[in-house]
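Remember, predicted model here, so these are calculated numbers, not experimental data.
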Amino acid sequence: MPGRQSPTLRQRRLGAELRRMREQAGLGGSQLSRVLGVSAAQVTQMENGKSSVSAERLQTIAAGCKCTNQPLIDALADLIAARGKGWWEEYRGVLSTDFLEVAEMESTAQKLYTWATTYVPGLQQTQAYASAVFARVSPPLPPRDIELRTAFRVQRQHAIRSSGTPYVSFIHEAALRMQFGGPRVLAAQLGSLIEDSERRTCSLRVVPFDMDTFPGAGENIMFAEGPVPELATLQMDTAQGVLFFDSPADLASHRATFARLDSLALSDDDSRKFIRSIRDEMKGRYE
């Protein structure tokens, strides 16, 4: 008999916020369980995202915790209502959960920020560049897996662009020079970045090598602003996979990182000129 499907990112986040609401009220799980008329184990299940929570129960929990943050309560109610399957579900069982959860996070974002130091952000990669990135995975992936991951990445891009979600991309010069796929693929990728930066909903900012210092060195991260500040999510790429962070301390720290990057990076116009110069340099290597 197949096991129960693990909680989705949405379900886990809802549970985490319910736990924070209870902890801020100074209540233990058993105390809240008495308010709800359920077992302490059921409270734990809800907070782990393993048990569904109705809109009515959310209101009872908020009242029991004396939570008066109505915008947060309304945003959590919207999370509960968002039970429909997203486009990424067609890849469930084919790609790892990491891929699906990134797409799920992006689907509810009010604004996206990325900071890349080793490769162009996934939401801005060309098909050829994305395939070259996946081809560098160790141990090597079968060609079919590379095709699936690339197709998924392209579909993520389409979803964000068609939704009109505002997107701010900070890219270090190192990422602009890493030759995934060779100079031709990189030149085409840089040309695509220039076009992308001219879209109304996109801002692209470069941090050049000659910058004395910059925050988040070595990180490749995405920050998704939620419908309320409390529901923002930080996603980080690591060699072991994708990590998600949503604690107030982590969110505050990385908001400060992006504020610092905003003060250090080149302007949008100067960034386009900078990228164009590297693209022309790459073209000179094969023309």
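Side-chain contact between Glu173 and Asp210 is absent, with no heavy atoms from C-beta onward closer than 4.5 Å.
A donor-acceptor pair is defined here as one N or O able to donate and one able to accept, closer than 3.5 Å; no such pair exists between the side chain of Asp98 and the backbone of Gly241. In this structure a side-chain-to-backbone donor-acceptor pair under 3.5 Å is present from Arg10 to Ala82. Side-chain atoms of Arg205 come within 3.5 Å of backbone atoms of Asp262 as a donor-acceptor pair (strictly under, hydrogens ignored).
Using modelled atom types, one finds a donor on one side chain and an acceptor on the other under 3.5 Å when comparing Ser247 with Asp250. The closest side-chain donor-acceptor pair between Thr8 and Glu101, if any, does not fall under 3.5 angstrom. Asn220 and Thr118 share a donor-acceptor pair across their side chains, judged by distance under 3.5 Å alone.
Rounded to the nearest 0.5 Å, atoms CG (Leu18) and CZ (Arg13) are 11.5 Å apart.
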Given ring-ring contact (aromatic ring centres under 6.0 Å, His included), test His254 with Tyr113 step by step and report yes or no.
CA-CA 10 Å; His254 282 81; Tyr113 297 84; over 10 Å; no

Does the side chain to side chain donor-acceptor pair (under 3.5 Å) test come out yes or no for Thr233 and Asp246, once each step is laid out?
CA-CA 5 Å; Thr233 304; Asp246 54 37; 5.9 Å; no

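Shown here for Pro183 and Gln179, the closest heavy-atom pair between the two residues is CD-OE1, 3.3 Å. Between Asp196 and Cys202, the shortest heavy-atom distance links the atoms O-CB, 3.4 Å. Nearest heavy-atom pair, Glu230 versus Glu17, reported as atom, atom and distance to 0.1 Å: O-OE2, 3.7 Å.
With sequence neighbours excluded, the residues forming a side-chain hydrogen bond (donor to acceptor under 3.5 Å, both in side chains) with Thr201 are Arg199, listed by chain and number. With sequence neighbours left out, Asp269 forms a salt bridge (Lys or Arg N to Asp or Glu O under 4.0 Å) with Arg272.
Between Glu23 and Arg20, none of the side-chain N atoms (NZ, or NE/NH1/NH2) sits under 4.0 Å from a carboxylate O, so this pair counts as no salt bridge.
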What pairs of donor and acceptor atoms, side-chain ones from residues 26-37 against any protein atom, are under 3.5 angstrom apart with sequence neighbours left out?
| from | atom 1 | to | atom 2 | distance (Å) |
| --- | --- | --- | --- | --- |
| Gln31 | OE1 | Gly28 | N | 2.6 |
| Ser33 | OG | Ser30 | O | 2.5 |

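The other residues sharing a hydrophobic cluster with Leu141 are Trp87, Trp88, Tyr91, Val94, Leu95, Phe99, Leu100, Phe134, Val137, Ile146, Leu148, Phe152, where clustering joins ILVMFWY side chains under 4.5 Å apart. In the hydrophobic clustering, Met178 connects to Tyr119, Val120, Tyr129, Val133, Ile171, Leu176, Phe180, Val185, Leu186, Leu190, Leu193, Ile194, Leu204, Val206, Leu266, Phe274, Ile275, Ile278, Met282, either directly or through intervening members, whenever side-chain heavy atoms lie under 4.5 Å apart.
Both Ile80 and Ile61 belong to a single network of hydrophobic side chains, linked directly or stepwise wherever heavy atoms of I, L, V, M, F, W or Y lie under 4.5 Å apart.
Counting only residues at least two apart or in different chains, ring-ring contact (aromatic ring centres under 6.0 Å, His included) contacts with residues 12-32 are absent.
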